[in-house]
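So the structure is just underneath, and the comments pick up after that.
Every value quoted in this text rests on a predicted model; they were computed, and no experiment measured them. The residues of the chain are indexed from 1 along the displayed sequence.
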Amino acid sequence: MARSELVLDLGAVRRNARTLLTALAGSELWAVVKADGYGHGAVDVATAALSAGAAGLCTATVAEALVVRREFRSPRILVMGPASTDDLSVAGEARLELAVSDPAPLPEGIPLHLKLDTGMGRYGLAELLSPSTQVVGLMSHLATADSDPAFAEQQIERFREATAPYTGYTRHIANSAAALRIPSARFDAARCGIALYGLSPFETDPAEDGLEPALSWRSELALVKQLQPGQSTGYRRTFVAERSTWIGIVPVGYADGFRRDLTGTRVRVDGELQQVVGTISMDSFAVELPGPLAVGTHVTLIGDGLLAEEHARAAGTIGYELVCGINSSPQRAHRVVVDA
């Protein structure tokens with residue numbers, strides 16, 4: 001095995017897409033594949049989502065969209081982030097659609113989505129412009145669909161009122177959380193990212209919403225040793241053995257995306273949950289063992305029932321950040337795509 005192995009299950013992505021389509025009850029699903037598909041692989045995820053019925057794709061940048069467009073000639077691709085003047089010509093050639101949040105003169109010859117700020121307080125127009133001929137969509141972005149449905153409903157109502165005079169445009173405001181639990185947010189389409197990957201937008205067990213994690217991350221024990229009382233492992237001696245303790249060293253660290261603040265989380269060693277101890281290094285971490293296990297024993301960081309959400313709670317962050325931070329370069333990990 002390489003330092004670690006990342007396994008993407010396209011079957012899980014498809015099943016998650018179908019779960020979202022069922023929840024959307026007739027609204028289109030636009031698969032968000034920005035940040036290289038939240039670290040899962042944008043092209044692979046797009047392939048699975050489109051085959052399951054997704055109608056379009058979303059990225060954050062024109063550069064990301066061009067990578068996807070090279071593989072998919074037909075589907076609509078919306079660039080949600082700001083585009084530079086230099087981006088416009090290539091966006092037009094690639095038949096991309098751009099989100100517009102600035103009342104400045106609109107770029108010509110490119111399909112546009114006017115974005116209204118209904119409460120996110122980031123990109124978006126304060127008031128909706130009268131759509132011009134190249135406008136094909138009207139959009140906004142929910143700030144609290146995962147945490148404060150009442151405020152989300154206020155945003156939805158403002159969006160509904162602002163867009164009511166205009167017909168014939170694709171209207172979209174829902175994200176994964178709203179698609180799953182706020183029916184009023186569905187409109188014509190929903191832009192879903194995190195749920196597509198089988199991660200919970202609510203930071204709970206994804207199975208609560210019928211979702212299935214699509215990514216597994218595995219490594220193995222590279223070294224096994226016994227610490228005697230008073231001996232430590234790792235920088236700054238943050239773990240000092242109080243008794244005779246077996247530990248294993250796993251060749252994955254924060255350079256691979258196993259963050260430094262994951263000390264104290266648990267991983268599966270030979271199928272059993274064991275605690276990560278000591279300071280996580282750039283290239284390795286230590287895990288407490290029940291005994292002298294063999295070098296090469298399998299270690300699961302994510303998968304086999306161990307959720308990214310559990311690591312997120314240990315690190316005080318969200319699952320999105322953890323998976324986006326996994327280093328999938330071939331110099332660090334062996335990546336496998338399966339269809340189970």
Min side-chain heavy-atom separation T59-V67 under 4.5 Å: no

Residue pair D283 / A255: nearest heavy atoms and the distance that separates them: OD1-CB, 4.3 Å

Residues K115, D102; criterion salt bridge (Lys or Arg N to Asp or Glu O under 4.0 Å); working and verdict: CA-CA 9 Å; K115 186 171 186 178; D102 191 326; over 6 Å; no

Listed partners of R243 passing salt bridge (Lys or Arg N to Asp or Glu O under 4.0 Å), at least two apart: E288

Salt bridge (Lys or Arg N to Asp or Glu O under 4.0 Å) involving E272 - partner list, sequence neighbours excluded: none

Ring geometry between W30 and H172 (parallel below 30°, tilted from 30 to 60°, perpendicular above 60°): parallel

Taking every non-hydrogen atom, the tightest pair across S176 and A195: OG-N, 3.2 Å

Where L215 and I326 come nearest, the two heavy atoms and their spacing: CD2-CD1, 3.8 Å

From CG (N175) to CZ (R191), nearest 0.5 Å: 7.5 Å

N-O pairing of D146 and R181 below 4.0 Å: no

Donor-acceptor pair, side chain of Q155 and main chain of H141, under 3.5 angstrom: yes

Closest contact, heavy atoms only, E242 versus P229: O-CB, 4.0 Å

T47: partners by side-chain hydrogen bond (donor to acceptor under 3.5 Å, both in side chains), with sequence neighbours left out: none

Short side-chain to backbone donor-acceptor contact, N16 and E212, under 3.5 Å: yes

Criterion salt bridge (Lys or Arg N to Asp or Glu O under 4.0 Å) on R335 and D44, from CA distance to verdict: CA-CA 12 Å; R335 186 173 179 273; D44 291 321; 2.9 Å; yes

Shortest non-hydrogen separation from C324 to A35 and the atoms involved: SG-CB, 4.2 Å

Heavy-atom neighbours of Y166 OH exceed 12 at 6.0 Å: yes

T163 side, atom OG1; D188 side, atom CG - distance, nearest 0.5 Å: 8.5 Å

Whether S216 side chain and G303 backbone form a donor-acceptor pair below 3.5 Å: no

Backbone N/O of D87 and side chain of S84: donor-acceptor pair under 3.5 Å: yes

CA sep, side-chain torsions, deciding dist, call: E97, V136, side-chain contact (heavy atoms from CB on, under 4.5 Å): CA-CA 9 Å; E97 302 178 18; V136 297; 3.7 Å; yes

Those residues that, when tested against S244, pass side-chain hydrogen bond (donor to acceptor under 3.5 Å, both in side chains) (two or more places apart): Q226

Carboxylate-amine/guanidinium contact R313 E203, below 4.0 Å: no

Which atom of F187 lies closest to which atom of A185, heavy atoms considered: CD1-O, 3.3 Å

R260 to F285, cation-pi by 6.0 Å centre distance and 45° axis angle: no

Residue pairs fulfilling salt bridge (charged side-chain N to carboxylate O under 4.0 Å, His left out) with at least one residue in residues 151-168, sequence neighbours excluded: E127-R158, E157-R160

Heavy atoms from other residues, nucleotides or ligands near OH of Y123 exceed 12 (cutoff 6.0 Å): no

Test side-chain hydrogen bond (donor to acceptor under 3.5 Å, both in side chains) applied to T238 - qualifying residues, sequence neighbours left out: T279

Stepwise side-chain contact (heavy atoms from CB on, under 4.5 Å) test for R259 and H311: CA-CA 9 Å; R259 299 160 48 122; H311 292 322; over 6 Å; no

Salt bridge (Lys or Arg N to Asp or Glu O under 4.0 Å) between D256 and R332, intermediate numbers included: CA-CA 7 Å; D256 304 283; R332 283 277 170 174; 3.3 Å; yes

